[in-house]
Amino acid sequence: MKIVIAEKPSVARELAKVFGATGKKDGYIEGKGYSFTWAFGHLLQLAPPQEYGFIGWRRQHLPMLPAKFKLAIRKIKTKDGLVEDPGVRKQLDIIKKLFDESTEIIVATDAGREGELIFRYIYYFLKCKKPFKRLWISSQTDEAIKEGFRNLKPGTDYDTLFNSAHCRSESDWLVGMNATQALSISAGARSVLSLGRVQTPTLAMICSRYIETKNFVPQLYYQLGIQLDKDGQLFKAVSTVNFNVKEEAQVLFDKIEDVGSGFPNGGKILDVEAKPRKEPPPLLHDLSSLQQEANKRKGYTADQTLNLLQNLYESKLVSYPRTGSRYIGDDVFAGVPQLITQLTTHPDFGKQAEFLMTVPLNKRSVNAKKVTDHHAILPTGEVPYQLSADKQAVYDMVVGRMLEAFHQECVKEVTKITIESGSLFIANGTVIRSAGWRSVLNDKEEDKKDEDNPSLPKVKKGEMLPIVEKALLEKQTKPKPLYNEASLLKALETSGKEIEDEELRYAMKDSGLGTPATRAAIIETLITRDYIMREKRNLVPTFKGLAVYDVVKDQKIAQAELTGSWEKRLEEIRSGASVADFKAEISEYTKSITHELLAAGAGLAEKLVPKKEDPAVV
DNA sequence: GCAAGGTC
């Protein structure tokens with residue numbers, strides 16, 4: 001009997017289906033000489049400090065550096081505190097029984113670092129010695145699965161991948177557990193002050209943005225605005241220069257030859273420029289982009305959206321949600337026309353679905369090379385029935401995005417008119433010539449400036465037009481907006497670096513903070529710790545968050561770059577570099593950060609008592 | 001009491 005173990009039930013079911021195995025048992029599926037079983041993500045975790053004898057939080061325990069780490073069954077929180085998850089225990093027992101009966105194990109956890117770790121932790125925890133092979137596939141289609149099983153790899157080929165995963169796991173424990181205890185103890189141990197490779201840089205981003213915003217001093221500046229009339233159609237133009245000094249603006253303002261000052265045709269058209277601009281459709285959604293859209297449209301938190309999606313996934317309405325890919329392969333694309341056909345009866349999208357059936361589909365989101373463990377989020381084709389309003393809303397975002405992604409580009413005409421009247425003025429206008437993908441949701445554009453005209457009249461160079469109104473506008477520079485869930489998720493993808501270019505952002509996916517599957521949890525952790533809170537739609541630091549930030553802001557643990565440098569080393573380990581060297585470095589770093597925090601937290605105790613002043617001055 | 005990672 002061969003045992004196939006997948007990362008999650010849905011994958012095991014898919015594999016069993018391809019083999020024609022139909023014997024549904026408790027915790028596995030049997031048939032054709034195979035048993036297909038599964039984990040539920042990580043079933044095992046590194047044991048907590050008390051299992052190495054570090055009972056209670058004590059200064060003399062620090063730094064805690066276990067010679068050998070232990071594994072423990074995943075715990076859940078109940079009213080009696082942390083207890084072993086009974087479902088996990090049960091599944092582990094099933095896996096153990098199957099491993100014991102097996103002649104060979106086939107590892108079918110997700111093809112990546114954590115997938116490898118999920119299996120190896122189970123294998124070593126159960127003290128299993130059976131030989132194992134690795135299924136390594138990047139698409140879940142029948143053909144890809146069959147091909148993968150014909151090409152099983154020796155299990156030992158992935159030893160270095162396991163090494164890198166193992167180092168990631170232990171390093172996070174060492175730095176997180178020690179730093180957390182060190183800071184909490186030195187601050188007087190009145191509450192948990194958690195720190196970690198991901199959560200602390202995230203907190204730092206929120207705090208530094210908050211402080212920057214609070215300390216922002218708006219600068220006044222002046223602009224001149226005019227309104228012109230072309231055969232009854234009015235349009236606006238603003239001065240090409242901004243003025244810091246009001247008097248300078250006033251001088252030019254007085255020179256504007258408007259109708260009110262006795263000039264019937266005082267605006268001279270110097271130049272007219274009209275250029276077409278093409279906008280490709282957006283890529284399909286991955287988890288993060290969908291969480292951002294749901295937050296912008298509906299105000300859902302990242303965590304709420306993830307839960308709604310998980311629910312839709314369990315009802316088989318959408319594909320696997322915790323994906324970091326915004327692409328699909330050609331095999332999946334082959335099923336897209338059918339998905340679109342099914343939407344012709346949809347109340348909002350029916351017309352666009354019908355249109356798409358008549359034109360070639362845009363293939364921007366089709367790229368097998370950019371699909372990793374899971375492809376972009378798509379509807380499955382199952383017909384939803386009586387969804388709750390919030391589930392329907394998320395489902396519609398998945399469906400709507402699919403229609404957009406395969407739609408045609410949007411073509412606009414961008415017009416710029418230069419006008420002279422004492423000084424120079426510019427009128428901008430954008431007209432959509434062919435809406436393309438934008439006709440699916442009919443959204444207004446985000447980056448529309450208020451000086452933009454909805455449409456501009458046809459004017460000719462040299463023409464003289466009446467200026468019916470003029471104004472000296474007083475404006476203020478604005479601070480960067482506070483983070484909300486959408487902008488924070490976006491920032492986490494690129495470790496806080498601001499990169500607008502979609503392709504470039506995508507290239508940085510592997511060096512982000514956290515992973516698609518964990519980012520919602522990071523935000524919730526910071527809230528649970530009372531480090532940040534939601535204020536309307538913004539995420540703002542609390543007193544406590546700012547106080548902790550103040551202590552750690554210059555430390556390595558608060559820098560997003562820490563993840564980047566670890567990732568680089570972990571990748572080297574995956575290619576065969578020394579594990580011992582990395583462990584020694586982490587051990588040294590753990591010692592130094594623990595030492596520093598034990599000292600630095602001393603001044604924190606009194607700060608944690610809220611005072612009436614503005615928290616930003618801490 | 002604590003990390004980050006995965007998923008029901």
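Note that the structure is a prediction, hence the values are computed from the model and not measured. Naming convention: chains lettered A, B, ... in sequence-line order (proteins, then strands); numbering from 1 in each chain.
- No hydrogens or angles were tested; on distance alone, a donor-acceptor pair under 3.5 Å links the side chain of A:Gln50 to the base of B:dC2.
- Atom C1' of nucleotide B:dG1 and atom CZ of A:Arg58 are separated by 13 Å, given to the nearest angstrom.
- Donor-acceptor pairing under 3.5 Å is lacking for the side chains of A:Thr160 and A:Arg574.
- In this structure, CG of A:Leu174 is placed 13 Å from P of B:dA4, rounded to the nearest angstrom.
- Across all strands shown, A:Val192 has heavy atoms under 4.0 Å from base atoms, whether or not it also approaches the sugar-phosphate.
- Using a 4.0 Å heavy-atom criterion, one finds that A:Ser169 contacts the bases of the nucleic acid, with or without backbone contacts as well.
- Taking every side-chain heavy atom of A:Ser194 into account, B:dC2 is the closest of B:dC2, B:dG5, B:dT7.
- When the side-chain nitrogen and oxygen atoms of A:Arg197 are compared with OP1 and OP2 of B:dG5, one or more of them lie within a distance under 4.0 Å.
- Partners of A:Arg168 under the side-chain hydrogen bond (donor to acceptor under 3.5 Å, both in side chains) rule, at least two apart in sequence or in another chain, are A:Glu114, A:Asp172.
- Per the geometry, CZ belonging to A:Phe119 stands 19 Å off C1' belonging to B:dT7, to the nearest Å.
- Residue A:Trp57 and nucleotide B:dG1 are classified as a stacked aromatic pair, their ring centres being separated by less than 5.5 Å at an interplanar angle below 30°.
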Could you check A:Lys298 against A:Glu293 for side-chain contact (heavy atoms from CB on, under 4.5 Å), going step by step and ending with a plain yes or no?
-> CA-CA 8 Å; A:Lys298 294 283 184 175; A:Glu293 185 180 335; over 6 Å; no
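- Residue A:Glu170 contributes atom CD, which lies 17 Å from atom P of B:dA3 at whole-angstrom precision.
- The CD1 atom of A:Ile118 sits 12 Å away from the P atom of B:dG5 (whole-angstrom rounding).
- Within 4.0 Å (heavy atoms only), A:Arg168 reaches at least one base atom of the nucleic acid.
- Rounded to an integer number of Å, the gap from A:Ile523 CD1 to B:dA4 C1' is 15 Å.
- Among the atoms of the strands shown, only primed sugar atoms or phosphate atoms (P, OP1, OP2) are found under 4.0 Å from some heavy atom of A:Glu114.
- Heavy atoms of A:Gln45 sit under 4.0 angstrom from at least one base atom.
- Classification of the A:Phe54-A:Tyr52 ring pair by plane angle, with boundaries at 30° and 60°, yields tilted.
- One can place CG of A:Asp110 at 15 Å from P of B:dG5, the figure rounded to the nearest angstrom.
- Map A:Phe54 and A:Pro9 each onto its nearest nucleotide of DNA chain B; the residue landing nearer the 5' end is A:Phe54.
- Between A:Arg529 and B:dA3 there is a side-chain N or O to OP1 or OP2 distance below 4.0 Å.
- A donor-acceptor pair is defined here as one N or O able to donate and one able to accept, closer than 3.5 Å; no such pair exists between the side chain of A:Ser184 and the backbone of A:Gln181.
- Residue order along DNA chain B, read from the 5' end via each residue's closest nucleotide, puts A:Asp172 first among A:Tyr313 and A:Asp172.
- With B:dC2, B:dA3, B:dG5 as the candidates, the nucleotide lying closest to the side chain of A:Gln199 is B:dA3.
- A:Leu43 comes within contact range of no nucleotide atom at all, as no heavy-atom separation falls under 4.0 Å.
- For the pair A:Phe40 CZ and B:dT7 P, the interatomic distance rounds to 13 Å; values are reported in whole Å.
- Heavy atoms of A:Pro49 sit under 4.0 angstrom from at least one base atom.
- Under the ring pair (Phe, Tyr, Trp, His ring centres under 6.0 Å) rule, A:Tyr124 has a single partner from A:Phe69, A:Phe162, A:Phe119, which is A:Phe162.
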